[in-house]
Q: 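Sharing a structure here in structure tokens format.
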Amino acid sequence: MKIVDAQIQTERTSLKRPFKTAVRTAFDIQSLIVKITLENGITGYGSGVATEKVTGDSLSGMKNILEQLLFPSILGKEIENIAENEMIIQTSCIGNTSAKAALSIALYDAYAKLLKVPLFQIFGGRTNSLINDMTISLNEPDEMVHDAIKAVEQGFSILKIKVGNDPQKDLERIQAIYDHLGDNIVLRIDANQGWSAKEAIKIIGEFESRNFPIEFIEQPVPQWDFDGLKFVRERVNIPIMADESVYSAKDAIKIVNKKAADLINIKLMKTGSLLEACKIASIAETAGIPCMIGCMMESSLSVLAAAHLAVAHPNIKKVDLDSPLWLNDHKVDRYFRNSQIHLEEIPGIGFHPVSQ
Ligand SMILES: C[C@H](N)C(=O)N[C@@H](CCC(=O)O)C(=O)O
Ligand SMILES: [Mg+2]
């Protein structure tokens, strides 16, 4: 069934509260929604988000690359050749992963609708529910404690704590949260590249001696510093997760060969493709490295696509898909209920971002 049309729409969605990391502060998100149409009239939707400071994708850049390069490369192609179409998109240009992801998701949505199955079945999945975490923005310790308590009251038992702008303060942040929540809550610590390798070893050593209930430390060092990641991993006991260091299957192979991380965080906005995300999960599985599925602060549509992959892939063991819970957008409330994500057994991703 031929792909006969591809269109773009932009969307700005405000956040309920600012999202702050060591890299950036976001008050809203700007997304680009891709709609593709097959010759029988079936439509598929995907979306990509502009995160200039993380992936480098801007709204105008995504629009240009899609209209000038990616749409022409797949128009007229058969949707059933999904792997080949993915390869065409991936090799059309370097980078531009959020733009590529928007198109990849739209193709898979249309393909699953054509086959009349939920997207997770395309990836071999049967179950349809996940346990989500909640992120605590990087703020003063008191405010972070307040946000953490609120999240626990809402039913979250796994919190992802943002740190990385000041090692001494970061220690105060985790101590303050621990003092209020104790051992019952699992803490995921995300430094978003904010420490040097030596700072990371010092502060993680301190976390260990204070026995904080930390599940892992995410991306302690800059994304390019694979040696630093390995250096840290070899000197601490808490597991180290690679996030910004892994965009592609090739990056995952580098992590495996160097033994640079214990875990990998996969995000569609980094991989540019559901198939590439799947490859990373399988490479990591073969190497004995469990994966987490994560997200940018991004639209509910692309997060739902990630959730479909997560329920299907046996090596996606952890979930950090809280972005929809931050958005002033209630279109997906039925899927995201506090810490529960529940996918419906309807064809495709199960979500129409715009009125048809
Ligand atoms: C939203 C999610 N919990 C998260 O923290 N994602 C990122 C950063 C997202 C962004 O900057 O938009 C991460 O680093 O894991
Ligand atoms: Mg991260």
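Predicted model, so just to flag it, every value in this text is computed and none were measured. Heavy atoms only: backbone and side chains are in, while hydrogens, waters and symmetry mates are out. When a ligand or atom number is given, it counts from 1 through the structure's own listing order.
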Q: Can you list the ligand 1 atoms lying under 4.0 Å from a non-hydrogen atom of D243?
A: 13 (C), 14 (O), 15 (O)

Q: Which heavy atom of the protein is the closest neighbour of atom 7 (C) of ligand 1, given with residue, atom name and distance?
A: K267 NZ, 3.3 Å

Q: Does M296 reach ligand 1 with a nitrogen or oxygen that is under 3.5 Å from one of the ligand's nitrogen or oxygen atoms?
A: no

Q: Give a yes or no on this: more than 12 heavy atoms of other residues, nucleotides or ligands lie within 6.0 Å of atom CG of N184.
A: no

Q: Taking 4.0 angstrom as the limit and counting only heavy atoms of D322, give me the atoms of ligand 1 inside it, by number and element.
A: 1 (C), 2 (C), 3 (N)

Q: K160 pairs by salt bridge (Lys or Arg N to Asp or Glu O under 4.0 Å) with which of D133, D322, D190?
A: D190

Q: Applying salt bridge (Lys or Arg N to Asp or Glu O under 4.0 Å) between D28 and each of R17, R12, K16, report the one that passes.
A: R12

Q: Side chain or backbone of E218 under 4.0 Å from ligand 1, or both, or neither, by non-hydrogen atoms?
A: side chain

Q: Between Y108 and F123, does the ring centre distance come in under 6.0 Å?
A: yes

Q: Please report which non-hydrogen protein atom sits nearest to atom 11 (O) of ligand 1, along with the residue it belongs to and the distance in Å to one decimal place.
A: R24 NE, 2.9 Å

Q: Please find out if the Mg ion (ligand 2) and some N, O or S atom of E244 are separated by less than 2.8 Å.
A: no

Q: Show which atoms of ligand 1 fall inside a sub-4.0 Å distance from at least one heavy-atom site of M297.
A: 1 (C), 9 (C), 10 (C), 12 (O)

Q: Have a look at D243 and say which of its N, O or S atoms is nearest the Mg ion (ligand 2).
A: OD2

Q: To check your reading of the model: name the closest protein heavy atom to atom 5 (O) of ligand 1, its residue, and the distance in Å.
A: K162 NZ, 2.8 Å

Q: Mark up the atoms of ligand 1 that fall under 4.0 Å of a heavy atom belonging to D190, in ascending order.
A: 13 (C), 14 (O), 15 (O)

Q: Is there a side-chain contact between K113 and Y45, using heavy atoms and a 4.5 Å cut-off?
A: yes

Q: Of all N/O/S atoms in D190, which lies nearest to the Mg ion (ligand 2)?
A: OD2

Q: Considering only the protein, which heavy-atom contact is closest to atom 4 (C) of ligand 1, and what is its distance?
A: C295 O, 3.6 Å

Q: Has K63 got more than 12 heavy atoms of other residues, nucleotides or ligands less than 6.0 Å from its NZ?
A: no

Q: Tell me the protein heavy atom at minimum distance from atom 15 (O) of ligand 1, and give that distance in Å.
A: K160 NZ, 2.8 Å

Q: Quick check: S323 and ligand 1, any N/O pair under 3.5 Å apart?
A: no

Q: Closer than 3.5 angstrom, by distance alone: can the side chain of Q30 be matched with the main-chain N or O of V49 as a donor-acceptor pair?
A: no

Q: Could you state whether F216 and I201 fall into the same hydrophobic cluster, counting links through intermediate Ile, Leu, Val, Met, Phe, Trp or Tyr residues with side-chain heavy atoms under 4.5 angstrom apart?
A: no

Q: Between K259 and E234, is the closest basic N to carboxylate O distance under 4.0 Å?
A: no

Q: Can you tell me which residue and heavy atom of the protein come closest to atom 14 (O) of ligand 1, and the distance to 0.1 Å?
A: N192 ND2, 2.7 Å

Q: Is K202 paired with E206 through a side-chain N to carboxylate O contact shorter than 4.0 Å?
A: no

Q: R337 and N132: side-chain donor and acceptor closer than 3.5 Å?
A: no

Q: Starting from the Mg ion (ligand 2), look over the N/O/S atoms of E218 and name the nearest one.
A: OE2

Q: For F19, counting its heavy atoms only, list the atoms of ligand 1 lying under 4.0 Å from any of them.
A: 1 (C), 4 (C), 5 (O), 9 (C), 10 (C), 11 (O), 12 (O)

